[in-house]
Every structure is written in C-alpha cells, then in structure tokens.
Amino acid sequence: MEQTKSFNTQGGKNRLRFASAKSRAKRATADVYRNTDRRSTASATSVREKRIHDTGVASFSANARKRRKKGKLRIADDGGDYDDEVKYFGRDNDAEGMGIGRTAVIVSSQSKLKVDHTDSVFSKDEVEEGKEDESNGLLLLTGGTIFLSELEVSAQRNGSQLFQKLARELRPLSKSLAELLHHEEKIIDLLCAYLLTPRGFVIGSASPVRGPSEEFNAYKKRMSDKAPHGYIVNVATNDVLHLLGVLAREIRHEIYPFLHGRILPRIIDDMLNSPTTTLGHGSNSKEADENQTVPLDVNHIESAFRTLSYFFKYNADQLVYNNSIGNASRNEGGRQVLGDADILRKYYGKTICHKRDIIRRLACESFAPLLRKCLDKGLKRHLSRTIKALASSIADMNLLEEDHVSRKESIQVVGKCVEIPLQTTNTMRKARDDAIDGVSSLLFEIARSAPGRVHSKKGRLVARAVVDCMTSFCSSSRSEEANDDDKEGIKTLGLEKSKADVVYGVASQFLYKLRGHVVRGTREEVIVVTSSFIDVLDEIHRSLTSATSIFAESPSSRLVEHVLGNIIDLVSETISFQNGRLVHDGKIHRGDGEADRITASLQTLLGDSVFPKAGVKLQNQILNYMCSAWKANPSHLSFTSRLE
C-alpha cells in the first residue's frame, strides 16, 4: 500500500510518521466550510487555503489588516503556526518579469533574519491605524493581487522547472486586479495547460498552450490528437489547483464563463476520469504499461475537489440559476424561475457515480453545500430528476443484463460454442452499486447537519423527494390490470419494478447513513429522538399511508403491491435500528406517540382491505413490520389492546 510522510505538529515521539493512502482517504474532505485547523494530513497547498478563503481569519480581510505589522503577513505553514511571516526583499533588477521590486520569502517566527521595512507597500497610517476604507480594495504586500501573492509563495515552495516556467509567464499578467481581469482568459489557459501532462510526453512537461488566435474548439481537437491516451498529473498539479481556487476567490463571477467549457471538463474529465496512470514509460516497458497501474493519489483528488468547492462557493448564484453567461436571470415569461442547479447534473455520472469511494464521497461533499442554496421547489425537482434518471439508466442496464443471460442460455441449447463472458455482467453490477451509493451519499450530505442532527429544513425536503419518487410509481399505475398473456405488458411491468427497486435502494442507503449520523457520539443505551429526524419519519409514514390507500383501491396492481412492500421495508429498517432507539416508547411528537402511529398503520395493513388481498411476499413484509415494532416497544399497551 502506498505510504507517505506526514508531519505531526503536536510534537512527541511520533513527530514524523507514515500514513497510508487508506488513512489519508478517511481524513480527506472537500467541505471548505468546515474548520481546517486540525487537518493534520493536509498537503502544503491546502493548508494555505485558510488565510485565503476563510473570511474570519483571512490575512487579506479588513480586520486582519488592522493587526498587520509593517512588512509582515501571518500565515499557517506546513507544521508551523500563525507566527510565520512572508517577508519581501528589494531587488536591483527585474530580469524575471516580476514587474515589481520585491521577492517573497517565507521566514519562520524563530528565525533571526532581519528585514528592511523601508520597501513596505503599507503607509505608516495604514500600518499603525488600519483605518483604510473597504472601497479602496484589498492592499497586498506584493503591491498587486492575492493571486500574485500566492503565486510567489508557491514559487518559493515548488522549485521545479515546470512551475517556475509557469510563474514567469503568469507574473506579468497579474500585477493588478485590472490586469488580472483583462488577461483572465490567457491565465486560465495557462493554468489548465500546466495542470496535467499528456500521457506519452516527457515527464515534467506541460500540455501545449492554446495559441493567441486559435479557436478553443480547434484547440480541443488538436489536443485530442496529441493526447489520445489521456493525461497524468505532474509536479505542479497541486499548486495549479490552489491557484485556480485563488483566482476564483479574486475575480468571483468573472470566472463563470470559463467554468463549464474549460475548467470543470479539465478537472473532471481529464484529471479524475483519465485512464489509470501507468508506472512504465517508453517502448521498453510496454508490458509494464499494460499490467502495472497506479490510481490517482489521494492528495491530488482532495485538492481537485476542494478547488471545485471554491468554484461553487464563489459562483453559487450563477450555478443555482443555471446561467450560461454569468448574469442570473430569475424571470422568464413573467414568472419567477426557481433555482434548481440543474446544470450540475451533467457532472454526476463522472463524480458521484465514480468507481472509487473517495471520489464519490468528496464529490458529494462538494455538491451538497451548493445544492442547499437552491430554493425548496428547485431542490426537490433537482433531486427527483436525479433519482429518476438513475432508476431509468439502471433499469435499462438490468434489462440488458437479462438479455445477455437469455441469449447465453439459448446458444447453449443450440449447442454452439459461443458464451457470454461474466466479466461484463460483474462490471455492470459494480457500476450499478456504485451509482446507488453515490446518489444516496449526495442525499445524505444535503440532509445532514452537525453530528447527531439533521438539517432543520433540507432534511425533511430530501426525505420528501425520495418518498415521493417511490409513491410516484403507485400513482402512475392505479388503473393497471394484471394480464399474464400480454408479453409487452409483462416486460413493462418488470422494467417499472426494476426502477422501483433502484429508488428503494437509494432510499434505504440514505436512511441508513442518516440514522448512523443521528446516533453518532451517543451510547447505545441512550434513547435518541430529534425533532428534525421525526420530520423524516413523518414523510415516511405519509408515503406509507398514501401507498396503502392506493393499494386498497386497486389491489390487483402488482406494481403498487411491490412499491408498498418497499415502503414497509423502509419503516421496518428504521424501527429495528439498534433496538428501536429512534422510535422508542414515550417520545411524543405533536400529541401522538410514535408507537401509537405505528400501531395505527399496522391496523390498516392487517385489516380486511389490505392483508387478505396481498400476495405472500407483501404479507411477510407486513408481519415483519409488526414483529419489528413489537420488539422495539414490547411493553406498549397499543400492541395488546389494538392488535388483538
């Protein structure tokens, strides 16, 4: 297993330790809204994010400028504290194209290096009084932009020829905010080019940069010919990702026109979904290229998704309202258009449905904060479309798998030697499981809050979207009549059942993760019931009541019976979780005990309108529901007085 050194800032015997890729993957996070003080395994690039993006502690904020001393900038270095400094020294020449007369050097607080402050960009009034007005903009120690400041820090840390070449090209373009905005397209092209190296090129080289007069579509076609086998990361990848996040923080919505056409495809398609990186290079190691493969490192994956999170953070309005040019338009045809962030769904297949667990998890952490900013109707519509699209694609996949099996059986009967390989079906099943896990994780990240809590508003909304997708199969088949002679009808019924099973799988995994989150950090003997999770239970019981009434009206519908059984299984799983910790007797909600509500639903299911008309499978599910409820509350009077 891959090992990497990590630095323990607390000192002690284990000051230097080795961390495996698995342990680093557990600690990796893409939630940029959390406190990053204790991210001990963070890379050098991600540690610097605190003073750039955290508005409460950023060294470039107005409050932080009041605490600055002349020629000093408080930063958090690798393994260091906030007493380290970025000091600038005068130069006699400007041969490297800096455009300014200073060089940035990181100096530890324990260093005895003396600095001449005569070249400080801050005036005496600004340093001592700190009363500069916000309208004057952010004054940086480099005399330029935040982007240029971070470029200098990165150039001091990354001494590779590749990154130094990039720094020399970027310095003349970012000396002021006006120049940064004027050259934004060229800067983005440079960053995207140096982000990855085409597979087969010399190690440590960058991708060819788009020409000044070359159209972007022609450039894409040229690069597809030059890099037919995809791209690999290089020594500048993490620093370039950090600079992309800094650029998004500085120019905000001005970067949005380049987001979907250049930046996101470069990160998601070329970096995260590129063919697996090979160990060997050249013609002498052809067998090694084919057999020895290395997945993308955890640090690169984490840096990529944290950069995506910053893009979403600084362009939230444009993304929520699906704007393509950067001006959010909320009116269409005289009515308000609800923001649903539907433009993000095209990236789900390559992120939240990825085959690697860490990519799915970090992708959900990146998308969830942005989706919470959607309006309620827009978020419900977004989640419903996502779940239904997943159900349709997996149902078609299952149908294709069944066709493979049926063709294989018919060929064997004929006696020919053609066989369908099992690798195809195994790959399809693995992709199906990964997709269900990814969508359920996205729902969980939206609905979760602090440990032990569910989001006060979005938690119930997510649960409503999921259960409405389940009951929608009942509403669309009220008039369905079973007909064993109709082969096309049987095929359609099987397809709809397959879709309903996919939605049930998403709902089951979502509730499983949410239940574990609610009881996290509590002892098993402690009864846990929160008002926000009771709202989730309300939505489940509402869907159960709706499906039961539909089945009572049309008991011959096998699809409705199938969906009702799935909803009953959801309730049974929630009740039996850790011996009924979430639905224990005595917890009252709006005047009705949870046990009384469960008993009322069981009375309906065991009544003459449902149980005698149900099939054997549905009857077993109802009885399992009753046993789970009775086991969770064995001494409750409702089970003996009302279910006799």
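No salt bridge links Asp31 with Arg361; every basic N to acidic carboxylate O contact stays at or beyond 4.0 Å. Lys499 has a carboxylate O that lies under 4.0 Å from a charged side-chain N of Glu496, or vice versa, which qualifies the two as a salt bridge. Using a 4.0 Å cut-off between charged nitrogen and carboxylate oxygen, Asp376 and Arg460 do not count as a salt-bridge pair. Arg381 has no carboxylate O lying under 4.0 Å from a charged side-chain N of Asp342, or vice versa, which leaves the two without a salt bridge. Ion pairing of Arg542 with Asp468 is present here, as a side-chain N (NZ or NE/NH1/NH2) and a carboxylate O approach within less than 4.0 Å.
Using a 4.5 Å heavy-atom threshold, the side chains of His562 and Asn566 count as touching. When side chains are defined from C-beta on, Leu514 counts as touching Phe533, because their heavy atoms get closer than 4.5 Å. For the pair Met271 and Leu296, the minimum side-chain heavy-atom distance is below 4.5 Å. Residues Phe367 and Thr351 are in side-chain contact: their nearest non-hydrogen atoms beyond the backbone lie under 4.5 Å apart. Contact check for Ile568 versus Leu618: side-chain heavy atoms found under the 4.5 Å cut-off. Residues Val320 and Cys374 form a side-chain contact, since some pair of their non-hydrogen atoms from C-beta on lies under 4.5 Å apart. Between Val503 and Lys388, every side-chain heavy-atom pair lies at or beyond the 4.5 Å cut-off. Proximity of Leu570 to Glu573: side-chain heavy atoms (C-beta onward) are separated by under 4.5 Å at one or more points.
Note that NZ of Lys377 is 13.5 Å distant from CG of Leu379, once rounded to the nearest 0.5 Å. Distance OG/Ser441 to CD1/Ile446: 11.0 Å, rounded to 0.5 Å. Thr545 OG1 to His541 NE2: the interatomic distance, rounded to the nearest 0.5 Å, is 8.0 Å. Expressed to the nearest 0.5 Å, how far NZ of Lys613 lies from OG of Ser556 amounts to 10.0 Å. The distance from the CD1 atom of Ile387 to the CD1 atom of Ile436 is 11.5 Å, given to the nearest 0.5 Å. Of the inter-residue distances, the one linking Met626 atom CE with Ser628 atom OG reads 10.0 Å to the nearest 0.5 angstrom.
With sequence neighbours excluded, no residue forms a side-chain hydrogen bond (donor to acceptor under 3.5 Å, both in side chains) with Lys631.
By the 30° and 60° cut-offs, the orientation of the rings of Tyr348 relative to His382 is perpendicular. Taking the six-membered ring where the residue is Trp, His260 and Tyr347 present parallel rings, their angle staying beneath 30° rather than reaching 60°.
Within 6.0 Å of NZ in Lys373 there are more than 12 heavy atoms belonging to other residues, nucleotides or ligands. Counting heavy-atom neighbours within 6.0 Å of Lys346 NZ, excluding the residue itself, gives a total above 12.
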Check the pair Asp535 / Val454 against side chain to side chain contact (heavy atoms under 4.5 Å, CB included), numbers first and verdict last. CA-CA 10 Å; Asp535 293 338; Val454 182; over 6 Å; no

Quick one: do Ile358 and Glu302 satisfy side chain to side chain contact (heavy atoms under 4.5 Å, CB included)? Show the steps, please. CA-CA 9 Å; Ile358 182 174; Glu302 183 183 16; 6.0 Å; no

Test log, rule salt bridge (charged side-chain N to carboxylate O under 4.0 Å, His left out), inputs Lys513 and Asp437: CA-CA 10 Å; Lys513 296 173 183 177; Asp437 176 73; 3.2 Å; yes

Carefully, step by step, assess Gln318 and Leu259 under the rule side chain to side chain contact (heavy atoms under 4.5 Å, CB included). CA-CA 11 Å; Gln318 288 75 20; Leu259 206 58; over 6 Å; no

Criterion side chain to side chain contact (heavy atoms under 4.5 Å, CB included) on Leu344 and Phe312, from CA distance to verdict: CA-CA 10 Å; Leu344 296 176; Phe312 300 155; 4.2 Å; yes

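Within the 3.5 Å criterion, the main-chain N or O of Asn620 finds no donor-acceptor partner in the side chain of Asn624. A donor-acceptor contact shorter than 3.5 Å links the side chain of Ser543 to the backbone of Ile540. Checked by atom type and distance alone, the side chain of Gln619 pairs as donor or acceptor with a backbone atom of Phe611 at under 3.5 Å. With hydrogens and angles disregarded, no donor-acceptor distance shorter than 3.5 Å links the side chain of Ser303 to the backbone of His300. With Arg520 contributing its side chain and Gly452 its backbone, the two residues share no donor-acceptor pair below 3.5 Å.
Closest heavy-atom contact between Ile550 and Cys474: CD1-CB, 3.7 Å. Considering every non-hydrogen atom in both Ala363 and Ile352, the closest pair reads CB-CG2, 3.9 Å. Closest non-hydrogen pair, Pro369 versus Ser366, comes out as CD-O, 3.6 Å. Summarising the geometry of Ala395 relative to Ser498, their closest heavy-atom pair is CA-OG, 3.6 Å, with the distance given to 0.1 Å. Counting all heavy atoms, side chain and backbone alike, Ala632 lies closest to Ile575 at CB-CG2, 3.8 Å. Met470 and Ala507 get closest at one heavy-atom pair: SD-CB, 4.1 Å.
Side-chain N/O atoms of Ser309 and Glu365 include no donor and acceptor closer than 3.5 Å.
When the options Asp434, Asn426, Thr427, Asp433 are evaluated for a side chain to side chain donor-acceptor pair (under 3.5 Å) with Lys430, the one that passes is Asp434. When Val439, Leu442, Leu371 are each tested for a side chain to side chain contact (heavy atoms under 4.5 Å, CB included) with Cys364, only one passes: Leu442.
Because its NZ or CZ atom is both nearer than 6.0 Å to the ring centre of Tyr33 and within 45° of the ring axis, Lys313 counts as a cation-pi partner of that residue.
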